[in-house]
Visitor: 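First the structure, which I've put down as structure tokens, then a few questions once you've had a look.
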Amino acid sequence: MLLLMLSYLGLAVFIVVVLGKIIKYLRMPLHVRWELYPVPHEKGREYGGSYFEELNWWEKPIKRSSLSQVKFMIPEILFVRALYHDNRKLWYASFPFHFGIYMVIGCLGLLFIGAIVNIAGLSPQSAIPVLLQSLAIIFGAIGLILGTIGAIGLLLRRTFDKDLRAFAAPIDYFNLVFILAIFLTGLIAWFSYDSALTVSRDYMRGLITFSPVVVGGSSLVAHIILLSLFIMYLPFTHMTHFIGKYFTWHEVRWDDRINTRGSAIEAKVNKLLNVKQSWSAPHMKPGKTWAETATEEVE
Amino acid sequence: MKAGKIRLKDIGKPSDQMVKLNPADFMRLPYPYDKADSDPDFKQLTEDQKKRYEASLDGVLAISIPKPETKGEEDELVRKFLSGLEKLLTKENNWTFLQPLSLSLEYCAKCQTCNEACPIYTGSGKQEIYRPTYRSEVLRAIVNKYIKKGGKTFAKFSGNDIDLNWTTVARLAELAYRCTLCRRCAQTCPIGVDNGLITHELRKLFSQEMGIAPVEIHTLGSMKHLKAGSSTGLMPVALKDTIEFLEDDIKDRTGLDIKFPMDKEGADILLIHNAGEFLSWPENPMAFAIIFEAAGLNWTLSSDLLGYDAVNYGLWYDDVQFARVAVRHAQIAKKLGVKKIVIGECGHAHKAISVIADRIITGEINIPRESSYTLLEDIVCNGKLNLDPKKNDFPVTLHDPCNVTRLMGVVEPQRRVIRKICPQFREMEPHGVKNYCCGGGSGFAIMPSMNFPDWRTRISGRMKFKQILDAFQDVIDPSINKMVCAPCSNCKGAIREILNHYNAWEKCGISYTGLVEFIVNAMVDIKEPYIEWPEM
């Protein structure tokens, strides 16, 4: 039961803090445009062009393709494309690390669905549960192996690459060792105790039904404890860049929405221009609104 | 201290000079500058300058902060820095950039992927302090340790082991002017962290809270722009004389009788140049006038205060100064009743009024803005002029101003013009949105004091010079005249200084000009060559 409680606590902290971070960024005020080209939704301008290339662009419909954003982002997230192109040395470690994580998340998802199916009363021997369980084993095995390789690779790079070492802090090693320990205990548990992942699926069932599960293998217990602690710790670190990445791309690099007269953007800008600022350099006018500061005579 | 030995916390350790620049470390240049003696010693500050100003970063002065006389003064400056940093992280004082800044402060994974993308870091021979990540990490550590609650606990464990003292602040101020804000680093970041933005925000903090900025950008820049009408000091009265001079010069060079339309109400186009063109490269506004008249456009210039100078230096260092200038430009367009503002060949003015000001200008002054490149493409590629490309039959390469390409997405129009009228056009590599900065971006081109120009030409402009030389390697013989097309005033200024420094005309036959000059040079009706080559 203690193990379950720890997992619940981990999940609860994770959800609350991650949601809090998302809300924090969503509630931040509209910023000025700061896009960076290429912007993939610019249809037909894959070389990095924008609607500013059109003569009298404001008189023409702007061709946008949301699908291009998705097409750009999928390989970016799944295969860490940016590193593949610009930092191949690191990609050799970073790609298996991240892909390993995705596969493990996939495995947990499959176990979750398997547990639901199990609760619904389907026999574990029937086709769907067998398929789910087999897929979970494949995802889990690949994930744990790749993740372990990646985490070791990242640790080695962080230790021996002089560019990375120059900025490495104890916390960076701590984080990597923490994740490596999760992968390793998972790998050992899989090899030595739960190769069919049935205990893992039952643990998932216990989580869903709030009923204690006996986990006999110490490696699996260690794995569950570490994983629960990690998801509790993760939201407080820069490793939540999966949140950041959405905003840096969609809300900054690709945000080329135009401010037209009478638009919602204009209403927001007008509101922000009426906020009082307090900058205090000699050429500033602390206590005045942005609009007043921008339009009054300078001294 | 040697490169590679420098750590984050070293920025706060008082020393004579954190880094000593040595040309032998700099990135090698191609032929004919591939010999070690092509790079003489770096220009050093005098002992007196070192004594008076804070120069302990790298022995270069961009902002020349006077040394505080007492410990009390130092402490007060550190206090102001912290108060500015706090304001930078509030909605009221920094709604303009709060979200992008917060994201960039929070999510760097320290993978260093961005380093190789930076022309200053690579050009300098990989000086540790010029890494795009170095100043960002310093600022991040200060925020984490001194602004966030409980930041001092576990500071060493978390990598925030830094001392916030006057040495740190003074060096950080100079370091904010060792990046051209080209944002090439941001383009490579797998997470989308933007070190260029962090530099921009640091500059804002120094300017908006502490009144610290390079004199050429603030006092003689945006302030002069707002008060006198132009950062060049060109007053409306003097503009009239200048325009008359340009009209006479057009007559002399081309035989054409052209009257610049001034303050013409109801014109379709308000053309705004970087006023530096009137003084340094008058052939540029002259060429615009020749082309616009030949194409039959209904256009005007403004002689209103600020209306004839498109620059907006606030873009580089101060949101309030930025907004002041942007609003005035828009008001002038409104007053004239024009249909659109067309921006001349000035990169930062493009981004300033088109992109950034888009969320500053509202209501009736929100008048459409357009790049002159786009308009010129329409004129050249849709047959509105009678052009003969053979008149431009010499090797030409094109420099992409960062503000127009990577930061605004205007990439092809200028290329289509050049491809149409320059038969020997060749691209630099890389180009378009992957281009390298000229080295003069973010104000560097207009900062001539102390030994900063030497730093700019030798380090921040080094990659651009390499690109130019590489583009012309097959025709590098000085007897073959070659031209760099740089359609931006600041870029032209920076490239001029690079070419002069290395005697590139004498040694390689390389000169530079803007975009419109090629168009006029190709005009069939103009008999004499419009492009002038330097004299030997």
Side-chain angles (χ1 to χ4, degrees), chain A residues 25 28-39 42 47-50 52-55 58 80 82-83 86-87 90 162-164 167 169-172 238 241 244-245 247-249 251-253 258-259 261 265-266 269-270 272 275-284 290 293-295 298, chain B residues 4 87 91-93 95-100 102-103 106-113 115 133 137 157-159 183 186-188 190-192 197 207-211 223 226-227 320 323-324 327 354-356 358-359 362-363 366 368 371 374-375 378 406-413 432-433:
Chain A
Y25 281 109
M28 280 187 181
L30 178 82
H31 52 80
V32 295
R33 282 169 55 180
W34 193 247
E35 63 249 38
L36 193 60
Y37 290 86
V39 172
E42 284 282 2
Y47 52 85
S50 72
F52 285 122
E53 291 189 331
E54 287 285 328
L55 186 73
W58 55 94
V80 207
L83 281 188
D86 294 315
N87 194 349
L90 193 59
K162 72 174 177 57
D163 285 346
L164 268 70
F167 288 84
I171 195 170
D172 300 316
H238 75 81
H241 54 242
K245 189 154 177 152
F247 287 99
T248 52
W249 255 267
E251 298 290 314
V252 183
R253 288 178 65 152
I258 305 158
N259 171 21
R261 288 189 207 175
I265 291 181
E266 185 181 68
V269 172
N270 279 332
L272 290 162
V275 168
K276 285 182 181 166
Q277 52 76 36
S278 64
W279 292 104
S280 65
H283 63 288
M284 293 288 153
W290 281 81
T293 315
T295 50
V298 291
Chain B
K87 288 178 189 173
K91 175 186 161 180
E92 295 72 26
N93 290 300
W95 62 268
T96 45
F97 284 96
L98 182 64
Q99 192 190 52
S102 304
L103 289 163
E106 190 163 349
Y107 287 116
C108 177
K110 300 191 271 188
C111 69
Q112 311 302 334
T113 304
N115 293 175
T133 44
E137 269 301 290
F157 179 75
S158 316
R183 295 176 69 208
Q187 222 174 19
T188 66
I191 295 168
L197 170 79
S207 174
Q208 295 175 190
E209 187 69 2
M210 304 173 76
M223 287 310 269
L226 287 162
K227 289 175 184 172
V320 169
R324 285 171 170 161
V327 166
S354 305
V355 179
I356 310 290
D358 191 42
R359 290 183 188 165
T362 60
N366 188 359
S371 167
T374 309
L375 186 59
D378 178 59
R406 180 164 38 254
L407 308 181
M408 191 177 156
V410 178
V411 182
E412 273 297 309
V433 292

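Below, chain A is the first sequence line, B the second, and so on; all start at residue 1. Values reported hereafter were calculated over all heavy atoms of this structure, with side chains retained and with hydrogens, waters and symmetry mates removed.
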Visitor: Where do B:Gly192 and A:Arg253 come nearest, in terms of heavy atoms and distance?
Guide: CA-NH1, 4.3 Å
Visitor: For the pair B:Glu137 (side chain) and A:Phe167 (backbone), establish whether a donor and an acceptor sit closer than 3.5 Å, ignoring hydrogens and angles.
Guide: no
Visitor: When rounded to the nearest 0.5 angstrom, what distance separates CD in B:Glu209 from OG in A:Ser278?
Guide: 7.0 Å
Visitor: What part of A:Lys276 lies closer than 4.5 angstrom to a heavy atom of chain B: side chain, backbone, both or neither?
Guide: backbone
Visitor: Among A:Asn270, A:Leu164, A:Asp86, A:Leu272, which residue has the highest count of heavy-atom pairs closer than 4.5 Å to chain B?
Guide: A:Leu272
Visitor: Suppose we screen for salt bridge (charged side-chain N to carboxylate O under 4.0 Å, His left out). Which residues come up paired with B:Arg183, at least two apart in sequence or across chains?
Guide: B:Asp194
Visitor: Kindly give the heavy-atom pair with the smallest separation between B:Phe97 and A:Val32, and that separation in Å.
Guide: CZ-CG2, 3.4 Å
Visitor: Side chain of A:Thr248, backbone of B:Ile191: donor and acceptor closer than 3.5 Å?
Guide: yes
Visitor: Would you compute the distance between atom OG1 of B:Thr113 and atom CG of A:Asp163 and round it to the nearest 0.5 angstrom?
Guide: 10.0 Å
Visitor: A:Glu42 versus chain B, heavy atoms under 4.5 Å apart: side chain, backbone, both or neither?
Guide: neither
Visitor: Under the 3.5 angstrom rule, does the side chain of A:Gln277 hit a backbone N or O of B:Glu92 as a donor-acceptor pair?
Guide: no
Visitor: Would you call A:Trp290 and B:Trp95 a side-chain contact if the rule is heavy atoms closer than 4.5 Å?
Guide: yes
Visitor: Locate the shortest heavy-atom distance separating A:Glu266 from B:Gly363; write the atom from each residue and the value.
Guide: OE2-N, 2.6 Å
Visitor: With a 4.5 angstrom heavy-atom cut-off, could you sort out which part of B:Asp378 is near chain A: side chain, backbone, both or neither?
Guide: side chain
Visitor: Where is the tightest heavy-atom contact between A:Arg33 and B:Ile356, given as atom of each residue plus distance?
Guide: O-CD1, 3.1 Å
Visitor: When heavy-atom pairs shorter than 4.5 Å are enumerated against chain B, which of A:Ala169, A:Gly244, A:Ser280 gives the highest number?
Guide: A:Ser280
Visitor: Using a 4.5 angstrom heavy-atom cutoff, name the option from A:His238, A:Arg261, A:Lys245, A:Met28 with the most pairs to chain B.
Guide: A:Arg261
Visitor: Against chain B, label A:Leu90 side chain, backbone, both or neither, depending on which of its atoms sit under 4.5 Å from a heavy atom there.
Guide: side chain
Visitor: Locate the shortest heavy-atom distance separating A:Pro29 from B:Leu98; write the atom from each residue and the value.
Guide: CD-CD2, 4.0 Å
Visitor: At a heavy-atom distance under 4.5 Å, which candidate from B:Glu412, B:Lys91, B:Met210 has the highest pair count against chain A?
Guide: B:Glu412
Visitor: Heavy-atom distance under 4.5 Å to chain A: side chain of B:Val327, backbone, both or neither?
Guide: side chain
Visitor: Under a 4.5 Å cut-off applied to non-hydrogen side-chain atoms, are B:Pro190 and A:His241 in contact?
Guide: no
Visitor: Could you tell me which of B:Thr188, B:Asn115, B:Thr96, B:Leu375 has the largest number of non-hydrogen atom pairs under 4.5 Å with chain A?
Guide: B:Thr96
Visitor: Side chains of B:Arg324 and A:Thr293, heavy atoms from C-beta outward: is any pair under 4.5 Å?
Guide: yes
Visitor: Measure the shortest side-chain to side-chain distance between A:Phe52 and B:Thr374 over non-hydrogen atoms and say whether it is less than 4.5 angstrom.
Guide: no
Visitor: Below 4.5 Å from any heavy atom of chain B, which atoms of A:Trp58 appear? Answer side chain, backbone, both or neither.
Guide: side chain
Visitor: How many angstroms lie between atom NE2 of A:His31 and atom CG of B:Leu103, to the nearest 0.5 angstrom?
Guide: 8.0 Å
Visitor: Decide yes or no for A:Tyr25 and B:Glu106: does some side-chain heavy atom of the first lie under 4.5 Å from some side-chain heavy atom of the second?
Guide: yes
Visitor: Specify the closest pair of heavy atoms between A:Gly48 and B:Val411, including all atoms of both residues, with the distance to one decimal.
Guide: O-CG2, 3.8 Å
Visitor: Quick one: does A:Pro38's side chain get under 4.5 Å of B:Gln187's, heavy atoms only?
Guide: yes
Visitor: Does the side chain of A:Leu36 come within less than 4.5 Å of B:Arg406's, by heavy atoms?
Guide: yes
Visitor: Are the side chain of B:Arg359 and the backbone of A:Asn259 linked by a donor-acceptor contact shorter than 3.5 Å?
Guide: no
Visitor: What residue in B:Gly432, B:Ser371, B:Ser354 has the most heavy-atom pairs under 4.5 Å with chain A?
Guide: B:Ser354
